[in-house]
Amino acid sequence: MEEGPYKYVMDGNGRVSRVIRIGTRKSQLARIQTDSVAEKLKELFPEVHLEIVGMSTIGDKILDTALSKIGEKSLFTKELENALEKNEVDLVVHSLKDLPTTLPPGFTIGAVLRREDPHDAVVMHPKNAGKSLDALPNKSVIGTSSLRRAAQLKKRFPHLEFKDIRGNLNTRLKKLDEKEDFAAIILAAAGLRRMGWDSRISQTLSPEDCMYAIGQGALAVEVRARDTDILEMVSVLHHSETVLRCIAERAFLRQLEGGCSVPVAVNTEVKDSQLYLTGAVYSLDGSDSLKETMQTSLADDKQELEEVDERMQHVGVTATKISASAQDAAEKLGLDLANLLLSKGAKEILTVARQLNDAS
Ligand code: DPM
């Protein structure tokens, strides 16, 4: 067998092949997401041996504090990255929205898969089944610990109250159904769909009600940046339109210096080779906000597909088979939109939101 940091197996015919180990969080949603990526890889590369390695992260262990208060940007990703670093695993599957816009050195996002519905959804307490948010009685309590969701919905539905709810999806649904604390909770439609809980979605929120988080609904595969074999393998999972939308969204958030602890939201669309990005920042109660839309062309004037240097990253994403000029344009769009909002006072809104949240 070959020497080196990797693990190999020998099959019945004496052929040696590398074992590809996939790291995952242990929650049911994380397992479902990881299994779906593993299945795709198995179809595309039937000869590889895949192994799934489950791990707990800080985000899974601290269940009593709102996400936005823990103050750790890589809440759900650090332990998994440690395992990547030590070659204990070769790739890690994440929800893209949980990945910071700046990855630690040595890591890259080698694949961004086709986005599911990126919108947020309302899950009602069984006693409110079939209702929508505007039909709930005055002072009904809505569970969410997302500052982004609370800020937008407080403004839109002033008759409602908002309280933190933590825990993985299973825990949250239990807290909703088995107690009388919440009239409804807000969750990403993508997570609910992947869990097979579509039937619990009472209402999908339109961008007018609530714009989504950066990268919401897309799965990402994180790998060691130097591991060209694995990068090459996972790159076939990239979905071009999702990649370009998410590059724009991530560039927007990075320029605003926002993490998961600030109320920032987006909406992106690709139509006729144009990429549209709407981005917004909010005060905690939504009373103060800035929202703008910009667009860019993704059309590639060059005839031949230029090879993208594999060391080239766009907001952490390595995508050598997607037009470099389209990726550049998407990143610039996010940057430009953030600079436009910053010139109108976005920094002040976010600074106050951060201070108030830290103090509360
Ligand atoms: C991040 C946020 C939340 C998660 C903040 C936000 C929601 C936290 C909460 C960055 N990560 O969205 O404003 O509601 O208290 C998370 C979920 C998914 C990925 C669950 C969810 C599944 C959907 C996806 C938690 N991360 O948002 O309902 O793949 O996008």
Side-chain angles (χ1 to χ4, degrees), residues 24-25 27-34 36-37 57-60 62-77 80 93-101 109 112-123 142-154 162-173 175-176 182 184-198 200-201 204-205 210-221 242 245-246 249-250 253 258-268 279-282 284 286 350 353 357:
T24 181
R25 293 168 53 207
S27 75
Q28 194 187 349
L29 177 63
R31 289 302 302 242
I32 288 171
Q33 295 183 165
T34 301
S36 78
V37 171
T57 65
I58 313 173
D60 299 311
I62 308 178
L63 295 175
D64 49 353
T65 312
L67 274 188
S68 59
K69 292 267 181 62
I70 304 176
E72 169 69 69
K73 274 198 198 161
S74 47
L75 217 52
F76 292 115
T77 57
L80 294 161
V93 178
H94 303 279
S95 288
L96 180 59
K97 86 162 169 172
D98 294 328
L99 278 179
T101 52
I109 298 168
V112 179
L113 285 82
R114 180 194 282 272
R115 192 174 220 169
E116 282 254 0
D117 181 351
H119 299 98
D120 289 319
V122 181
V123 180
I142 310 301
T144 177
S145 40
S146 157
L147 301 181
R148 172 187 61 83
R149 290 171 180 149
Q152 294 181 82
L153 296 173
K154 277 176 185 169
F162 292 83
K163 289 218 167 83
D164 277 336
I165 181 166
R166 281 290 332 260
N168 62 38
L169 289 190
N170 308 64
T171 313
R172 289 188 195 201
L173 272 209
K175 283 183 182 168
L176 172 69
F182 301 104
I185 59 177
I186 315 293
L187 294 168
L192 290 162
R193 296 245 158 85
R194 292 188 193 118
M195 296 285 277
W197 294 339
D198 312 49
R200 290 300 308 264
I201 299 178
T204 302
L205 297 172
C210 188
M211 296 207 297
Y212 44 83
I214 280 70
Q216 185 160 312
L219 296 184
V221 180
T242 306
R245 288 171 66 186
C246 291
E249 295 173 15
R250 286 170 60 79
L253 184 64
C260 67
S261 53
V262 287
V264 174
V266 290
N267 188 74
T268 48
V281 304
Y282 306 88
L284 290 186
L350 292 179
N357 183 55

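Both ligands and their constituent atoms are indexed starting at 1 by order of listing.
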### Query
Can you tell me if Arg148 and Gln216 form a side-chain donor-acceptor pair at under 3.5 Å?
yes
#### Entry: Side-chain H-bond candidate by donor/acceptor type, Thr242 with Arg115, under 3.5 Å
no
### Task
Measure from the side-chain N and O atoms of Gln152 to the backbone N and O of Met211, and report whether any donor-acceptor pair falls under 3.5 Å.
yes
### Task
Just jot down the ligand 1 atoms closer than 4.0 angstrom to any heavy atom of Ala213, in number order.
12 (O)
### Query
Could an N or O of ligand 1 be found under 3.5 Å from any N or O of Leu169, whether backbone or side chain?
no
### Message
Keeping Arg250 on the side-chain end and Leu99 on the backbone end, is there a donor-acceptor pair under 3.5 Å?
### Response
yes
### Summary
Under 4.0 Å from one or more heavy atoms of Arg148, ligand 1 contributes atoms 6 (C), 12 (O), 13 (O)
### Task
List in chain and number order the residues that pass ring-ring contact (aromatic ring centres under 6.0 Å, His included) with Tyr282, two or more places apart in sequence or in another chain; answer none if no residue qualifies.
none
### Query
Where the side chain of Ser27 meets the backbone of Ala30, is there a donor-acceptor pair that is under 3.5 Å apart?
yes
### Query
Under a 4.0 Å N-O cut-off, is there an ion pair linking Lys97 with Glu116?
no
### Sub-4.0 Å atoms of ligand 1 with respect to non-hydrogen atoms of Leu187
28 (O)
#### Entry: Structural part of Arg149 in contact with ligand 1, heavy atom criterion under 4.0 angstrom
side chain
### Task
Using a strict 4.0 Å cut-off to heavy atoms of Ala188, name the atoms of ligand 1 that fall inside it.
21 (C), 23 (C), 27 (O), 28 (O)
### Query
With atoms numbered from 1 as shown, which atoms in ligand 1 lie under 4.0 angstrom from a non-hydrogen atom of Arg194?
24 (C), 29 (O)
### Query
Any sub-3.5 Å donor-acceptor pair from Lys175's side-chain atoms to Gly143's backbone N or O?
no
### Message
Using a 4.0 Å cut-off to any heavy atom of Ser146, which atoms of ligand 1 qualify?
### Response
6 (C), 9 (C), 13 (O), 15 (O)
### Message
Tell me whether ligand 1 is touched by His94 - counting only heavy atoms on the residue side and a distance under 4.0 Å.
### Response
no
### Query
Nearest to atom 27 (O) of ligand 1 by heavy atom, Lys97, Met195, Gln152: which?
Lys97
### Message
Heavy-atom distances under 4.0 Å decide this one: backbone, side chain, both or neither, for Arg172 against ligand 1?
### Response
side chain
